[in-house]
Amino acid sequence: MKKLLLLIPLIILSSCASKLVDFALKKNGVLDTKAVLQPLEYDDKKIVFLNMIHLGTKEYYEDVKSKIDSLQKEGFFVMYEGLYLRKSERIIKENDTVNYLKFRKVMGIDPLVEYSKMKPFSDYIVKYDLLDQPDYPELGITSKNSKAVDLPMSVLISELEREKGIVQLSQCDYNSKLGSVAYTCGKVDKDLQKYMLESIVLDKRNKNIVEQIKQSSSKKIVVVYGKNHYSGIQKMLQQ
């Protein structure tokens with residue numbers, strides 16, 4: 001789910017001139033070589049937000065690791081996006097194929113496919129020497145100094161269906177295995193897609209992060225999350 005905020009506008013741009021895609025990649029930070037740290041405030045806690053890019057340069061991820069190492073030496077506890085330290089553990093542990101199929105139907109994007117295998121990103125991997133976000137242990141995060149602060153797919157779909165009704169899967173949806181690059185089982189409902197992206201993928205997850213921050217006994221916290229979550233989290237903490 002974390003890939004959607006960047007992926008959707010770039011898919012639209014992929015039909016345009018390559019210069020526009022280049023511009024979008026730069027604007028969204030894909031070509032950055034330095035990670036950005038932004039401050040957050042809540043009571044007496046010292047909190048920093050590390051903008052994570054889910055497809056980027058080798059230099060960027062090296063800088064992420066350097067910043068995380070430095071912050072941990074200063075006593076910062078890591079709260080990270082996702083449910084697992086390693087991406088490969090996700091679908092195996094959740095064992096939740098139906099909700100992943102529903103998510104794919106609503107968004108038109110398979111959440112298990114890496115950026116580097118998706119159009120238009122795959123056309124730019126070699127040109128810019130890009131990498132998918134490494135697993136968290138490669139960035140210096142371990143189970144001893146961190147906590148996942150995310151919602152499982154079952155909760156996200158449950159929240160969507162509570163507001164918008166049951167997502168009905170077709171036989172095509174069931175027959176199309178997860179991990180496929182393209183979704184070809186029907187037209188995506190753009191209004192439902194927009195609601196899922198803004199109200200569930202962003203807002204609901206932001207609320208969960210904020211609650212985790214408030215409840216944490218740690219006085220120093222670094223939140224490692226997709227950059228588009230920052231403004232929403234900041235606003236909720238201020239409230």
Side-chain angles (χ1 to χ4, degrees), residues 1-7 9-10 21-42 45-90 113-118 120-150 201-202 205-206 209 212-213 216 218-234 237:
M1 71 201 73
K2 54 187 157 185
K3 63 188 70 173
L4 299 173
L5 300 170
L6 172 61
L7 180 59
L10 277 175
V21 181
D22 287 343
F23 174 77
L25 289 170
K26 293 176 182 177
K27 183 178 180 180
N28 285 280
V30 175
L31 307 183
D32 289 353
T33 57
K34 297 290 183 181
V36 176
L37 293 174
Q38 296 176 278
L40 291 169
E41 295 182 5
Y42 179 72
K45 297 179 188 289
K46 186 175 182 180
I47 311 166
V48 292
F49 186 97
L50 192 155
N51 288 347
M52 178 55 73
I53 304 296
H54 307 305
L55 179 75
T57 64
K58 179 182 178 182
E59 293 80 8
Y60 182 85
Y61 295 120
E62 288 175 346
D63 189 58
V64 167
K65 186 178 187 306
S66 176
K67 285 182 168 64
I68 289 175
D69 287 343
S70 296
L71 287 167
Q72 288 180 143
K73 288 177 182 177
E74 294 178 22
F76 277 81
F77 183 79
V78 182
M79 291 186 172
Y80 61 86
E81 181 175 10
L83 298 175
Y84 310 108
L85 287 169
R86 298 184 184 279
K87 296 185 289 290
S88 59
E89 299 174 347
R90 181 170 55 185
V113 176
E114 298 289 356
Y115 272 126
S116 60
K117 297 177 182 177
M118 288 186 174
F121 302 110
S122 56
D123 296 331
Y124 291 81
I125 300 302
V126 174
K127 180 179 179 179
Y128 290 116
D129 195 20
L130 300 176
L131 307 172
D132 288 303
Q133 177 189 331
D135 286 330
Y136 288 120
E138 296 177 46
L139 299 175
I141 301 173
T142 71
S143 58
K144 294 181 180 180
N145 59 22
S146 68
K147 179 181 181 181
V149 285
D150 215 330
V201 172
L202 273 176
R205 293 168 71 217
N206 286 348
I209 298 166
Q212 296 280 356
I213 290 173
S216 176
S218 300
K219 296 298 183 181
K220 293 182 177 181
I221 299 171
V222 53
V223 180
V224 181
Y225 239 82
K227 60 187 294 186
N228 289 291
H229 288 268
Y230 176 75
S231 60
I233 294 171
Q234 182 186 46
L237 285 173

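All heavy atoms count here, side chains included; hydrogens, waters and symmetry mates do not. Being a predicted model, the structure only gives us computed values, none of them experimental.
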Asks: Output all residues satisfying side chain to side chain contact (heavy atoms under 4.5 Å, CB included) with Lys147, sequence neighbours left out; order by chain, then residue number.
Replies: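 By the side chain to side chain contact (heavy atoms under 4.5 Å, CB included) rule, Lys147 matches Phe77, Gln212.
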Asks: Which residues pass the side chain to side chain donor-acceptor pair (under 3.5 Å) test with Asp129, sequence neighbours left out?
Replies: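 Once residues adjacent in sequence are excluded, Asp129 has no partner under the side chain to side chain donor-acceptor pair (under 3.5 Å) criterion.
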Asks: Taking atom NZ of Lys46 as the centre, does the number of heavy atoms from other residues, nucleotides or ligands within less than 6.0 Å exceed 12?
Replies: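 No.
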Asks: Any non-hydrogen side-chain atom of Ile53 less than 4.5 Å from a side-chain atom of Gln133?
Replies: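 No - every pair of side-chain heavy atoms lies 4.5 Å or more apart.
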Asks: For Ser66, which residues count as a side chain to side chain donor-acceptor pair (under 3.5 Å) partner, sequence neighbours excluded?
Replies: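 Counting only residues at least two positions away or on another chain, Ser66 forms no side chain to side chain donor-acceptor pair (under 3.5 Å).
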Asks: Suppose we screen for salt bridge (Lys or Arg N to Asp or Glu O under 4.0 Å). Which residues come up paired with Glu89, at least two apart in sequence or across chains?
Replies: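 Counting only residues at least two positions away or on another chain, Glu89 forms a salt bridge (Lys or Arg N to Asp or Glu O under 4.0 Å) with Lys93.
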Asks: For Tyr42, which residues count as a side chain to side chain contact (heavy atoms under 4.5 Å, CB included) partner, sequence neighbours excluded?
Replies: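 Tyr42 satisfies side chain to side chain contact (heavy atoms under 4.5 Å, CB included) with Lys45, Ile47, Lys214, Leu237 once adjacent residues are dropped.
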Asks: Going by side chain to side chain donor-acceptor pair (under 3.5 Å), name the residues that satisfy it together with Asp32, two or more places apart in sequence or in a different chain.
Replies: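 Residues passing side chain to side chain donor-acceptor pair (under 3.5 Å) with Asp32: none at all.
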Asks: About how many Å separate CG of Leu130 and OH of Tyr61, when rounded to the nearest 0.5 Å?
Replies: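 One finds 8.5 Å between OH of Tyr61 and CG of Leu130.
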Asks: Would you say that more than 12 heavy atoms from the other residues, nucleotides or ligands in this model lie under 6.0 Å from the CD of Glu41, or not?
Replies: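 Incorrect, the count does not exceed 12.
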Asks: I'd like to check the ring-ring contact (aromatic ring centres under 6.0 Å, His included) partners of Tyr60; sequence neighbours left out, ordered by chain and number.
Replies: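 Tyr60: no ring-ring contact (aromatic ring centres under 6.0 Å, His included) contacts found.
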Asks: Please identify each residue that fulfils side chain to side chain contact (heavy atoms under 4.5 Å, CB included) with Lys67, with sequence neighbours left out.
Replies: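 Listed in chain order: Ala35, Leu37, Leu50, Asp63.
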Asks: Would you call Leu85 and Ser146 a side-chain contact if the rule is heavy atoms closer than 4.5 Å?
Replies: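 Counting from C-beta outward, Leu85 and Ser146 do come under 4.5 Å.
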Asks: Just jot down the salt bridge (Lys or Arg N to Asp or Glu O under 4.0 Å) partners of Lys219, sequence neighbours excluded, or say none.
Replies: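 Partners of Lys219 under the salt bridge (Lys or Arg N to Asp or Glu O under 4.0 Å) test: Asp44.
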Asks: Could you pull out all residues at least two apart from Gln38 that satisfy side chain to side chain contact (heavy atoms under 4.5 Å, CB included)?
Replies: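 Per chain and number, Gln38 pairs via side chain to side chain contact (heavy atoms under 4.5 Å, CB included) with Val36, Phe49, Asn51, Tyr230.
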Asks: Please list, chain by chain and in numerical order, all residues satisfying salt bridge (Lys or Arg N to Asp or Glu O under 4.0 Å) with Lys65, sequence neighbours excluded.
Replies: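 Expected list: Asp69.
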Asks: State which residues pass ring-ring contact (aromatic ring centres under 6.0 Å, His included) with Tyr84; sequence neighbours excluded, sorted by chain then number.
Replies: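 Applying ring-ring contact (aromatic ring centres under 6.0 Å, His included) to Tyr84 gives none.
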Asks: Measuring from atom CD1 of Ile141 to atom CE of Met79, what distance do you get when rounded to the nearest 0.5 angstrom?
Replies: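 Nearest 0.5 Å value for the CD1-CE distance: 12.5 Å.
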